Amino acid sequence: INPAPTVQTADAFGNPEPGDNATVVSVTIGSTVAGAVAPNAIGTLTATAVSGVATFGNVTAIKVGTGYDLIFSAPGLTGVTSGPFGVIPGYTAQMTVLTQPGQTLTQYPITPAPRIEMDDLYGNRNTNDSATVVTVALGVNPTQATLGGTVVNTAVNGVVSFPNLTLPLTGSGYTLKATAPGLGLVQTNPFDVVSRVPSPTLSTCVLTPALIGADGQQTSTLTLTLIDASGVPCQGSPLAARLLGFNPSNHGVNVSSYGLPADANGVVTITLTATIPGTYTMTPIVSGVDLTPVTLNAQGVFAKHYPAGLY
């Protein structure tokens, strides 16, 4: 507290006691605001009078606020209270996570938007800080994903916001870490990224070719383009695609490969073969959503035998 608070010891008539070099005075912080909680004081909270004056040179109030006062007391003496004063934040000395990220969808901005607070040594937000530059990156990265969006921002009134961060792949236990020069590192709580739900009207299912031989060798590729209801590709959707509704029920279609998770365009490919001739109508199901049925025709493959001889 600056200037350093001082109190004068006095006799019963209010006259200073310049010969007092023994009285020990203690100080605490109070509040003039009804119901308000006064901050703790740190530093040297007792002082011995010198020529009747006790000086408190290193008392610190560690909570930002207004309407505080100092309460001085000494054994056997009537106490005295200072006038009200306020406490403003100190210089930025550390960072804390103000808003933790929650479960979010692939390629959508992480919500709620992560926010990092610039704090002084005692945890008060430094509302005067509009200069600190903070960088965010992935801390725990269970899928080796790449963090998208604006990853470097500057504090505004002591808070740095990251409103457009995205992740392309589903996974559990992601964390973000924030760094700034001279302030070290803070890390968010873990959060999950889940897949979008494809729209059955905006997503497409294309089977190429639609006619193959039922020899277990010829292949047909089912290409699913997964688009959600807002028109955004379902990148990174886990390949939970399943094919239901085979006809006949004793089918001869085999799923040779489910490919990879959906790419940046929301595309997933599935490779099919057939071993029994027939017409197979299949409904792709992704994340519990029935997509447009497709029909695969598998025809018999016959070998031509020639009599032995010279030709």
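Note that the coordinates shown come from a computational prediction; the quantities given were computed from them, not determined experimentally.
Arg115 is linked by a salt bridge (charged side-chain N to carboxylate O under 4.0 Å, His left out) to nothing, counting only residues two or more places apart in sequence or in another chain. For the side-chain hydrogen bond (donor to acceptor under 3.5 Å, both in side chains) test, no residue two or more places apart in sequence or in another chain qualifies with Thr55. Partners of Thr132 under the side-chain hydrogen bond (donor to acceptor under 3.5 Å, both in side chains) rule, at least two apart in sequence or in another chain, are Asp129.
Between Phe56 and Phe72, the ring-plane angle classifies as tilted under the 30° and 60° cut-offs.
Considering OG of Ser199 and CG of Leu226, their distance stands at 10.5 Å, rounded to 0.5 Å. Going from atom OG1 of Thr188 over to atom CD1 of Ile110 covers 8.0 Å, rounded to the nearest 0.5 Å. Taking OG1 of Thr28 as the start and CG of Leu45 as the end, the distance is 8.5 Å to the nearest 0.5 Å. In this structure, Asp215 CG and Thr275 OG1 are separated by 9.5 Å, a value rounded to the nearest 0.5 Å. Of the inter-residue distances, the one linking Leu207 atom CG with Ile270 atom CD1 reads 10.0 Å to the nearest 0.5 angstrom. Rounding to the nearest 0.5 angstrom, the gap separating the CG atom in Asp192 from the CG atom in Leu105 is 11.5 Å.
Side-chain polar atoms of Thr279 and Asn297 form a donor-acceptor pair below 3.5 angstrom. Using a 3.5 Å distance cut-off with no hydrogens or angles, the side chains of Thr9 and Glu17 do not pair a donor with an acceptor. Remark: the Asn126 side chain and the Thr92 side chain contain an N/O donor-acceptor pair separated by less than 3.5 Å. Counting only N and O atoms by type, the side chains of Thr32 and Asp69 include no donor and acceptor under 3.5 Å apart.
Side-chain contact between Ser161 and Val159 is present, with heavy atoms from C-beta onward closer than 4.5 Å. Using a 4.5 Å heavy-atom cutoff, the side chains of Val286 and Val289 are not in contact. Between Lys63 and Asn40 there is no side-chain heavy-atom pair separated by less than 4.5 Å.
Enclosure of atom CD1 in Ile88 is not indicated, since only 12 or fewer non-hydrogen atoms of other residues, nucleotides or ligands lie within 6.0 angstrom.
Under the 4.5 Å side-chain heavy-atom criterion for grouping Ile, Leu, Val, Met, Phe, Trp and Tyr, Leu138 is connected to Val152 within one hydrophobic cluster. Both Val151 and Leu167 are part of a single hydrophobic cluster, where members link through side-chain heavy atoms under 4.5 Å apart. One hydrophobic cluster holds both Tyr174 and Val97 under the rule that ILVMFWY side chains link at heavy-atom gaps under 4.5 Å. Tracing side-chain contacts under 4.5 Å through hydrophobic residues (I, L, V, M, F, W, Y), one never reaches Leu224 starting from Leu202; they form parts of separate clusters. Under the 4.5 Å side-chain heavy-atom criterion for grouping Ile, Leu, Val, Met, Phe, Trp and Tyr, Val186 is connected to Val160 within one hydrophobic cluster.
When every heavy atom of Asn189 is checked against every heavy atom of Pro101, the shortest pair comes out as O-CG, 4.4 Å. In terms of heavy-atom proximity, Thr99 sits nearest to Ala113 at CG2-O, 3.5 Å. Residues Pro181 and Val133 come closest through the heavy atom pair CD-O, 3.7 Å.
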Worksheet item: After noting the C-alpha distance and the side-chain angles of Leu165 and Leu176, does the key distance pass the side chain to side chain contact (heavy atoms under 4.5 Å, CB included) rule?
Response: CA-CA 10 Å; Leu165 300 177; Leu176 299 174; 4.0 Å; yes
Fill in: side chain to side chain contact (heavy atoms under 4.5 Å, CB included) between Thr60 and Ile62, worked out
CA-CA 6 Å; Thr60 300; Ile62 63 174; 4.1 Å; yes
Practice prompt. Take Cys234 and Asp228 through the test side chain to side chain contact (heavy atoms under 4.5 Å, CB included) and record every step on the way to the result.
Written response: CA-CA 6 Å; Cys234 298; Asp228 71 8; 4.0 Å; yes
Worksheet entry | Step-by-step side chain to side chain contact (heavy atoms under 4.5 Å, CB included) determination, Asn21 to Ser51 | CA-CA 6 Å; Asn21 293 301; Ser51 300; 4.1 Å; yes
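For the side-chain contact (heavy atoms from CB on, under 4.5 Å) criterion with Met118, the lone passing option out of Asn157, Thr127, Val134, Asn124 is Val134.
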